[in-house]
Amino acid sequence: MKVEELPVDERIKRVIRERGIKELYPPQAEALKSGVLEGKNLVLAIPTASGKTLVSEIVMVNKLLREGGKAVYLVPLKALAEEKYREFKEWESLGIRVAATTGDYDSTDEWLGRYDIIVATAEKFDSLLRHSPKWVRDVKLVVADEVHLIGSYDRGATLEMILSHMLGKAQILALSATVGNAEELAEWLDAALVMSDWRPVELRKGVFHLGQLFWEDGKIDRYPENWAFLVIDAVKRGKGALVFVNTRRSAEKEALSLSSKVSKLLTKPEARQLEELISSIEDNPTTEKLKRALKGGVAFHHAGLSRAERTLIEDAFRAGAIKVIAATPTLAAGVNTPAFRVIIRDTKRYAGFGWTDIPVLEIQQMMGRAGRPKYDRVGEAIIVARTEDPKKLMERYIHGKPEKLFSMLANEQAFRSQVLALITNFGIGNFRELVDFLGKTFYAHQKGDIAALEYKARNVVYFLIENEFIDMDTSDRFMALPFGKRTSQLYIDPVTAKKFRDAFPQLEENPNPFGIFQLIASTPDMATLTARKRELEDYLDLAYEFEERLYTNIPYYEDSRFQGFLSQVKTAKVLLDWINEVPEARIYETYNIDPGDLYRILELADWLMYALIELYKLFEPKEEVLQYLRDLHLRLRHGVREELLELVKLPNIGRKRARALYNAGFTTPDAIMRAKVRDLLEVEGIGIKVVEGLFKHFGVEMPGKVKEAGKKAEKARKRGTLDEFLK
DNA sequence: GTAGGAGTCTTCTAGACAGCATGTC
DNA sequence: CTAGAAGACTCCTAC
């Protein structure tokens, strides 16, 4: 189908033509002929990179130009929200305003009402719905990207509930990977279904076993025995490769070992480019390994890396500076990083209770990363058979069908949060109405009856009443209580809220960071760091040492909660070190964690600390305790002792600079404002830029001379590094 | 007595959403 | 619950 023939506004065609697209891919054409342009719901199940985004763009903009209102585009990851936001920005030339919103950005957001396309994570949109801003009524279209995540154990229920809410109120376009039961999904959504395996770049799949590469079409290529040669071969041909493994350690190990081989294939300019890349990365034990690998043009990629490093690696790989990435599954689900060749080293993964096969769906997503649309005629995806029977792998992952999706609404943790929200935020007034609503869900459609779910719902309601989240009047009508309403808006698990409330009396008696951090770490919303076996004793000792600061009893060894408790103690200790200004590098070493782990823990603790304070406000708070909690929250956010709280509020002043300033005698913002520029520059980590920022913040004019001198110094410094770099 | 090597036993394991203030992604 | 690598531990030998 030619773009010209599309039954949409001329302006849309113009934008698409400007991208250099004249002809639509067959599945795109089929999708657009399904009635979706006339308002019908659609489930589009086609491979990644086969043009789902363009279809959704056309559908969204067509809808907006014809009917006005808003389109919401749901994604599973914050990084994807950013990626889509940047892509959709292009439509601003037609006067369409695009916004992105995730937990990193804004909230209640009446201001989102000014935008036409809103990109959001599913959880964020769910949270927005609970705050019911006025513009929600204007949502005419919901695009759910990666809708197969409806089958994810911990996050599927959210997506399912959003779609249940919006079904009938807005048009729905569900974008899915290939799944076993797309028909079932389409039926539920009363949607047309378009399925296809078509890809713009041909995908060749194969299984590698002891030097033999068995292609799906029966052809066999011979290689040296080690699969690493497949990687080297790709690089030799001027292309890149992705290697998927199942542990962080493997990713690092393979990256380092491949690096020594790939490095020999690098040209001088390439090596220089990599040096530049390396110099821009912060130093810590994890990045030390990363930098070593990068010297040879290879990176590893896993959640232990910070966001900045991951983005840097992804960008450099796309640009061709990095030749190979060894990655855990992070990369398969994340932003677009196609490669000529994808090698899947592992098809099993440890799942907490043993080894399980990685689902076909996930392996196919990894394989789908093979083939770069503009550069490759064909992409290659190769599964390595190390201990597994190659025939079995071929059957399961290459010729096999992906799994069916199953509703995860009945997952207890997700379900109790959702039931609470239905009652406190979505006007569900009694049990009958609750059951009616549940009847509209994918769960109900799939199972045919909801007796089991109804039973669970009844138990949840009892739990919510018993713990005063909600109440029921004499005519059995639900009433939202402030505690329940706030819990739902804070987007925390009711069990977390209950744990907080139960601890308030003790917390009031003896407010202290360790007790509060352990409390936070004990909630189901927190991710704890696992205490390793040989650490157990240390943390038990620590727990006894700090016993009187805890708001809970130390469980006995036989108790099933024993190990979990010690993991909470470990997590609390990390947070404690953080607010006591222990340097990051030492935290990584002491607790054997990566930067990404620390970041994650801090992010969660920050969020839950806020929730704790907000809930405490509902129970006749003591002003001095409230103030204590607020200060602790700030300390947690900035990672400082109390005396630095004023300093870290200044622009560009974090925990390191604040401590340096304080130790140099600048103990208050006022002292800094009165200080001489020269004296400030003496302080470690304080350069002319920071000083300029500070003076601007204070509204004080910097002496012109000083400014000049500073700039000169800056230039000299830059030259210095350049000289060093050139020799 | 002990350094150090070989062999054996033990341990460990992927990922990542949410509030709010800030300014406006 | 179907693995596999790294690190800890043990035992032995050679000096």
Side-chain angles (χ1 to χ4, degrees), chain A residues 74-82 84-86 88-89 97-112 114-115 117-128 130-131 149 152-159 244-254 301-304 307 327-334 345-358 362 386-389 392 414 417 486-493 496 525-527 530 532-535 592 596-597 599-601 603-604 606-615 633 637 649 651:
Chain A
L74 302 175
V75 291
L77 299 174
K78 292 182 201 170
L80 287 175
E82 260 167 65
K84 293 300 169 194
Y85 168 75
R86 275 198 299 271
F88 297 162
K89 264 286 198 194
R97 293 151 301 181
V98 186
T101 177
T102 69
D104 283 352
Y105 306 123
D106 21 80
S107 174
T108 352
D109 306 1
E110 286 303 338
W111 72 263
L112 277 174
R114 307 206 311 259
Y115 294 84
I117 294 178
I118 295 167
V119 185
T121 52
E123 285 77 6
K124 183 64 183 190
F125 186 60
D126 189 27
S127 165
L128 284 167
R130 293 184 190 186
H131 287 86
L149 286 172
S152 135
Y153 178 77
D154 53 335
R155 296 179 60 197
T158 312
L159 243 189
F244 284 105
V245 297
N246 64 1
T247 64
R248 290 184 186 181
R249 194 153 63 184
S250 293
E252 295 179 5
K253 193 199 97 183
E254 297 298 3
H301 187 287
H302 59 58
R307 191 77 66 82
T328 57
T330 11
L331 204 62
R345 198 201 70 171
D346 303 314
T347 55
K348 287 173 188 296
R349 145 201 321 159
Y350 182 82
F353 45 87
W355 285 83
T356 50
D357 283 324
I358 297 174
E362 271 183 59
R386 296 197 295 169
T387 54
E388 289 280 297
D389 177 5
K392 254 168 80 184
S417 299
R486 198 73 189 102
T487 296
S488 176
Q489 288 191 327
L490 289 167
Y491 213 79
I492 58 174
D493 187 326
T496 297
D525 283 312
M526 185 73 184
T530 41
R532 290 174 176 76
K533 212 153 215 172
R534 61 176 164 282
E535 297 173 328
N592 190 21
D597 302 317
Y599 177 84
R600 179 97 195 105
I601 293 296
E603 188 188 34
L604 284 164
D606 181 22
W607 166 48
L608 290 168
M609 189 73 208
Y610 176 81
L612 182 140
I613 293 169
E614 288 301 301
L615 289 179
H633 186 202
R637 174 164 294 177
K649 285 181 187 157

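Quick caveat: nothing in here was measured; it's all calculated off a predicted structure. Lettering follows sequence order; numbering is per chain, from 1.
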Please measure how far the P atom in B:dG15 lies from the corresponding atom in B:dT11, and state the result in whole Å. 23 Å
Measuring only the P atom in each nucleotide, how far is B:dA18 from B:dA14? A whole number of Å is fine. 23 Å
Answer with base, sugar-phosphate or nothing: what part of the nucleic acid does [X] contact at a heavy-atom distance below 4.0 Å?
X	answer
A:Arg637	base
A:Lys78	sugar-phosphate
A:Asp126	nothing
A:Arg86	nothing
A:Ala611	nothing
A:His633	base
A:Leu604	base

Quick check for you: name the first and last nucleotides of DNA chain C, 5' to 3', having an atom under 4.0 Å from a heavy atom of chain A. C:dC1 to C:dA6
If I compare all heavy atoms of [X] with all of [Y], which pair ends up nearest, and what's the gap?
X	Y	result
A:Thr121	A:Lys78	CG2-N, 3.9 Å
A:Phe244	A:Leu331	CE2-CB, 3.9 Å
A:Thr356	A:Ala351	OG1-CB, 3.6 Å
A:Thr102	A:Ala81	CG2-CB, 3.7 Å

If I take atom CD in residue A:Glu123 and atom P in nucleotide B:dG15, what distance separates them, rounded to the nearest angstrom? 18 Å
Can you measure A:Leu77 atom CG to B:dC17 atom C1' for me and round it to whole angstrom units? 9 Å
A:Trp607 ring over B:dA18 six-membered base ring, under 5.5 Å and 30°: yes
pi-stack flag for A:Tyr85 and B:dC25, centroid dist under 5.5 Å, interplanar under 30°: yes
Dot-bracket encoding of pairs in DNA chain C, which uses [ ] for pseudoknotted crossings and | for another strand, Watson-Crick or G-U under 3.5 angstrom: ..|||||||||||||
Below 4.0 Å: OP1/OP2 of B:dC20 and any side-chain N or O of A:His131: yes
Output yes when at least one side-chain N/O atom of A:Arg248 is less than 4.0 Å from OP1 or OP2 of B:dG15, else no. yes
Do A:Thr328 and A:Arg248 pair up side chain to side chain, a donor and an acceptor below 3.5 Å, judged on atom types alone? no
Of A:Thr121 and A:Glu82, the one whose nearest nucleotide on DNA chain B sits closer to the 5' end is A:Thr121
Any side-chain heavy atom of A:Tyr350 within less than 4.5 Å of one from A:Asn246? no
Measure the shortest side-chain to side-chain distance between A:Asp104 and A:Arg307 over non-hydrogen atoms and say whether it is less than 4.5 angstrom. yes
Those residues that, when tested against A:Ala79, pass side chain to side chain contact (heavy atoms under 4.5 Å, CB included) (two or more places apart): A:Val335
For A:Asp525, the side chain to side chain contact (heavy atoms under 4.5 Å, CB included) test, sequence neighbours excluded, returns A:Gln413, A:Ile492, A:Asp493, A:Thr496, A:Thr523, A:Trp607, A:Leu608
Residue matched to B:dA18 through Watson-Crick or wobble contacts both under 3.5 angstrom: none
Just name whichever nucleotide pairs with B:dG23, Watson-Crick or G-U, keeping both distances under 3.5 Å, else none. none
Could you tell me which residues satisfy side chain to side chain donor-acceptor pair (under 3.5 Å) with A:Tyr491, sequence neighbours excluded, listed by chain and number? A:Asp126
Using 30° and 60° as the class limits, which term best fits the ring planes of A:Tyr610 and A:His633: parallel, tilted or perpendicular? tilted
With a 4.0 Å cut-off on N to O distance, would you call A:Glu362 and A:Lys348 a salt bridge? no
Whether A:Glu252 and A:Arg249 form a salt bridge (side-chain N of Lys/Arg under 4.0 Å from carboxylate O of Asp/Glu) is what I want to check. no
How do A:Ser250 and A:Gly354 order along DNA chain C: which one's closest nucleotide is nearer the 5' end? A:Gly354
Is there any protein nitrogen or oxygen under 3.5 Å from a nitrogen or oxygen in nucleotides 8-12 of chain B, and what are the pairs?
residue: B:dC12; atom: OP1; partner: A:Lys533; partner atom: N; Å: 2.9
residue: B:dC12; atom: OP2; partner: A:Lys533; partner atom: N; Å: 3.3

